[in-house]
Amino acid sequence: MFIAVVGITAGPSFIQGFQQVGVSLFLVGALATAIPLILELLMARYLFKFHPALCLGCTAGARTTTAALGAIQDTVESQTPSLGYTVTYAVGNILLIIWGGSDRPPYVIHKNNNLNSLYERKRRKCSQQKVSGRNGEDQPV
């Protein structure tokens, strides 16, 4: 039900965006999704010599998709894929937490800036925020 409601509400803006940008956005999104997975499978299988079930478990974990892990385990009739799933799932969730609250990774350096000035601006912004104290007075953070 939730997915249906989200799809119905997102549909008009999706169609409008698709008309403005065209097929290129869809193709770039498909490539950005598929290329890392294909590279991961090839590296795991041929560079690290992992068992195919373990490779698929790593892929499911990298995308933090528990349903895929279940499907893989049912297909191969083994719990082996869960060995590859655990580490990549943990790393994937940590990266989602770190980068999820930001519109860009924290290490990106903006044009004509360096990391120190970026840090200083964020520090000044935080120090200017006010919080109500116990007696109702505004206090600097």
Side-chain angles (χ1 to χ4, degrees), residues 1-134 136-141:
M1 184 67 152
F2 172 75
I3 294 173
V5 171
V6 169
I8 289 170
T9 48
S13 62
F14 171 77
I15 291 172
Q16 181 184 13
F18 195 74
Q19 289 172 341
Q20 289 175 354
V21 178
V23 180
S24 63
L25 181 64
F26 173 75
L27 293 175
V28 169
L31 288 174
T33 302
I35 289 173
L37 292 176
I38 293 168
L39 288 175
E40 182 271 329
L41 283 171
L42 292 173
M43 286 176 53
R45 182 71 180 125
Y46 297 108
L47 182 65
F48 297 115
K49 310 276 192 253
F50 288 166
H51 186 274
L54 195 60
C55 296
L56 292 173
C58 290
T59 302
R63 291 292 177 190
T64 64
T65 312
T66 308
L69 175 66
I72 295 165
Q73 288 176 333
D74 289 345
T75 302
V76 298
E77 298 175 353
S78 171
Q79 298 296 317
T80 302
S82 62
L83 296 173
Y85 179 84
T86 53
V87 173
T88 55
Y89 180 82
V91 170
N93 275 319
I94 290 169
L95 292 177
L96 282 173
I97 292 167
I98 292 171
W99 290 343
S102 173
D103 59 346
R104 62 189 163 275
Y107 57 80
V108 172
I109 300 175
H110 297 286
K111 186 177 178 181
N112 298 328
N113 288 331
N114 59 32
L115 287 176
N116 289 334
S117 64
L118 239 151
Y119 171 76
E120 284 300 317
R121 277 187 287 160
K122 288 187 181 222
R123 190 183 62 74
R124 273 185 260 136
K125 183 179 177 183
C126 288
S127 66
Q128 292 170 354
Q129 293 175 349
K130 304 284 183 181
V131 175
S132 274
R134 291 185 191 148
E137 296 175 3
D138 284 342
Q139 300 174 1
V141 177

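Heads up: numbering here begins at 1 and tracks the sequence.
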Hey, can you pull the donor-acceptor pairs under 3.5 Å for the side chains in residues 86-95, sequence neighbours left out?
{"from": "Thr86", "atom 1": "OG1", "to": "Leu83", "atom 2": "O", "distance (Å)": "3.3"}
{"from": "Thr88", "atom 1": "OG1", "to": "Cys58", "atom 2": "O", "distance (Å)": "3.1"}
{"from": "Thr88", "atom 1": "OG1", "to": "Ala62", "atom 2": "N", "distance (Å)": "3.4"}
{"from": "Thr88", "atom 1": "OG1", "to": "Gly84", "atom 2": "O", "distance (Å)": "3.1"}
{"from": "Thr88", "atom 1": "OG1", "to": "Tyr85", "atom 2": "O", "distance (Å)": "3.3"}
{"from": "Tyr89", "atom 1": "OH", "to": "Asn93", "atom 2": "ND2", "distance (Å)": "3.4"}
{"from": "Asn93", "atom 1": "ND2", "to": "Tyr89", "atom 2": "O", "distance (Å)": "3.4"}

Positive for side-chain contact (heavy atoms from CB on, under 4.5 Å) with Ile72, one of Cys55, Pro81, Ser82: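 Testing Ile72 for a side-chain contact (heavy atoms from CB on, under 4.5 Å) against Cys55, Pro81, Ser82 leaves exactly one candidate, Pro81.
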N/O donor to acceptor pairs below 3.5 angstrom from side-chain atoms of residues 20-47, sequence neighbours left out:
{"from": "Thr33", "atom 1": "OG1", "to": "Gly29", "atom 2": "O", "distance (Å)": "2.9"}
{"from": "Glu40", "atom 1": "OE1", "to": "Thr59", "atom 2": "OG1", "distance (Å)": "2.2"}
{"from": "Arg45", "atom 1": "NH1", "to": "Phe50", "atom 2": "O", "distance (Å)": "2.9"}

side-chain contact (heavy atoms from CB on, under 4.5 Å) partners for Thr65, two or more places apart: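 side-chain contact (heavy atoms from CB on, under 4.5 Å) check on Thr65 returns Arg63, Ala68.
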For Thr64, all residues meeting side-chain hydrogen bond (donor to acceptor under 3.5 Å, both in side chains), sequence neighbours excluded: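 Here no residue qualifies.
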Gln73 side, atom CD; Leu56 side, atom CG - distance, nearest 0.5 Å: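 Those atoms lie 11.5 Å apart.
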Pairs satisfying ring pair (Phe, Tyr, Trp, His ring centres under 6.0 Å), at least one member in residues 51-81, at least two apart: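 Applying ring pair (Phe, Tyr, Trp, His ring centres under 6.0 Å) to every pair that reaches into residues 51-81, excluding sequence neighbours, yields nothing.
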